[in-house]
Number of protein chains: 2
Amino acid sequence: MDFLARQRRLAEALERLKLDALLVTHLVNVRYLCGFTGSNGALVATPRRMTLFTDGRYAEQANAETQHARVVITRGPLLPETARALQRLRAKSVGIEAEHMAAATRAELKRLLPKSPRLRDTGGVVEQLREIKEAGEIHKIRESVLAGARLFDTALEAIRPGVRETGVAAEMEYAARRLGAEGMAFETIVAAGRRSALPHGRASSAPIPARGFVVLDWGVKLSGYCSDQTRTVHVGTPDADTRSQYTAVREAQQAAIEAVRPGVMVSEVDRAARQLLQASGLGRYFTHSTGHGVGLEIHERPRIAQDRKEPLRAGMVITIEPGVYVGGRGGVRIEDMVCVTATGYEVLTPTHKELISL
Amino acid sequence: MDFLARQRRLAEALERLKLDALLVTHLVNVRYLCGFTGSNGALVATPRRMTLFTDGRYAEQANAETQHARVVITRGPLLPETARALQRLRAKSVGIEAEHMAAATRAELKRLLPKSPRLRDTGGVVEQLREIKEAGEIHKIRESVLAGARLFDTALEAIRPGVRETGVAAEMEYAARRLGAEGMAFETIVAAGRRSALPHGRASSAPIPARGFVVLDWGVKLSGYCSDQTRTVHVGTPDADTRSQYTAVREAQQAAIEAVRPGVMVSEVDRAARQLLQASGLGRYFTHSTGHGVGLEIHERPRIAQDRKEPLRAGMVITIEPGVYVGGRGGVRIEDMVCVTATGYEVLTPTHKELISL
């Protein structure tokens, strides 16, 4: 991980934004900038140097993990100490991460810094840097994706009529831990039968019915990086309508994947999937956007949506996950993780997409 | 669950605070007040009525779960809709949950409501109500504690020299899922050997050594309610120092439990444990507070700490968890969940506290 390069890119961003410093309190951003993974930390970042504040519980860990930043172990809460550090900097304008800092914390910080420096709400300063993954990050994401993909076999073994959705999720999560994952990247979705029509059907105590789709949407966290994958299988022999619903989603997903390359607008990628589904009369059942970035967090920039005009850039890692949800009948979603390369795309998810009947 | 009574208590609190309404955005508080468990919701609460806002994904669920509140399904983001509702109320003063609302969201809300109503930062309004558990809640907490306690046997079977800490955690989490838990209440701590001296030693890839303490701190979430329990076992035969460290913690924990009754200051409960450890020369190794409330969240009010002057009240459910951490050697922590009753206390955690050598 090239922390120096990240810090350099942050310095450029601060200069563009005319900020003397950024108070980084979102822990994933702290980790991204200096490597510290503890659960209590704040980073005072100026264009010239970084100072990490954490408490005594993390003294050893902070010194071992932190790269290119001074480590300060505080005795009490972090906020007063970071406020003092900001005062000592004689900074005029300091950015805070307003999407992550609680309003009460912001008010407290303002009380601690009544006059100077001036606090400025910022959004997405570090997140924007995180959009483009380094080679080392893509390597880690790939390992996470490969570990996650192995859980599909676990799920296939567990799924049978009468087994609870949570039972399937339990087997997948157990397998993830045994593969060395820190845990799941989000609450595992196992949505069977009519529940497959719920785009967010996290595993419930409902039993898997004798017949119908099962949507599985899961991901692991491995060395900090998330994977995200969806497959839909069918219990019982699918009829013609069922098959054509599946095929439509599969083709829409493939079309969106093939639209991926640097310079293409994210809205175009969304449109590639949406147009195909509209052509087969299923457009109105595709009720969400096509994908999102993935990295240290499960939902990162960019959003792959019809109303977004951002271009794809090499080094982005995104999901492509169209779905068709027919209320009362069932739903299908297929999702892969895709890396934007210099010339096009690479699908990171290794699992095939034939319709499996169990 | 007596939602009407909760809403009545909130109405009293709003009148005391001279607030015309409270915008409840912390999802656990939304759930507490009206029963809705979806992942996107906001509640506009006035002393006379409640309105829940959520999006189309949760239409069915919101109508099934929500008690004594009108349900409004929004098409877009919730914030503009709740802002319009606040304007329609002609309220003068509206509280926001400033400890939970992001500074950026607060600024956005202010933009949506430039003149009226006036926004007032509040902290802990609903959390304060949640401190005292209803009989129905204590029942659910008890079930969560009993399910959680069963994982200790799973851990005892899994622990042996050479097994990774994450391996033990994996077995416990798998067992939790099989018992019907939604998941763990927090990241499972398995800290073996020298790592047992880390108060926050979440399970790592380190193998369990041939000799030493293993601190296990875990909890499950069942029907929304959390459990929290710690036991410390010893691998290999403990020597006399090791035994006396364990005994000191056990006696300190018992003393703190016996100090629990309505009207006693939380600082007194903390002191009961701390004094005993100081008397045996281990006081300086007890580096955290004695406990905390537990309910829908793993850390709730009250904090059982030396600097807190709040009295215990019947219906509170708290942890009692002193620990002694000797760097380079090892640590011991013992934790039960305790309910404050009308006349004293009841220990909810059923597991014995004899020192187990494996």
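Owing to the predicted nature of the structure, the values given are computational and were not obtained by experimental measurement. Lettering follows sequence order; numbering is per chain, from 1.
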May I ask you to check whether over 12 heavy atoms, not counting those of [X], lie within 6.0 Å of atom [atom1]?
X      : atom1 : value
B:R164 : CZ    : no
B:R329 : CZ    : yes
B:R120 : CZ    : yes

query = Using non-hydrogen atoms only, which part of B:R202 is less than 4.5 Å away from chain A: side chain, backbone, both, or neither?
reply =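 For B:R202, the side chain is the part near chain A, not the backbone.
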message = So for B:E99, is it side chain, backbone, both, or neither that comes closer than 4.5 Å to the heavy atoms of chain A?
response =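 Its backbone and side chain both get close to chain A.
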query = Do B:E171 and A:R178 meet the salt-bridge criterion of a basic N to acidic O distance under 4.0 Å?
reply =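 A salt bridge is present here (some side-chain N lies under 4.0 Å from a carboxylate O).
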query = What residue, out of B:A181, B:S39, B:A104, has the most heavy-atom pairs lying under 4.5 Å from chain A?
reply =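 Highest number of heavy-atom pairs under 4.5 Å: B:A104.
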key: Closest contact, heavy atoms only, B:A103 versus A:R106   =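 That would be CB-CD, 3.7 Å.
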request  = Provide the closest heavy-atom pair for A:A102 versus B:A98 in the form atom of the first, atom of the second, distance.
outcome  =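 Result for this residue pair: CB-O, 3.6 Å.
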ask   = How far does CD of B:E182 sit from OG of A:S204, to the nearest 0.5 angstrom?
value =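 It is 11.5 Å, given to the nearest 0.5 Å.
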request  = Determine, step by step, whether B:R177 and A:T166 satisfy the side-chain contact (heavy atoms from CB on, under 4.5 Å) criterion, reporting the C-alpha distance in whole Å, the side-chain angles of both residues, the deciding distance to 0.1 Å, and the verdict.
outcome  = CA-CA 7 Å; B:R177 272 293 211 179; A:T166 47; 3.7 Å; yes
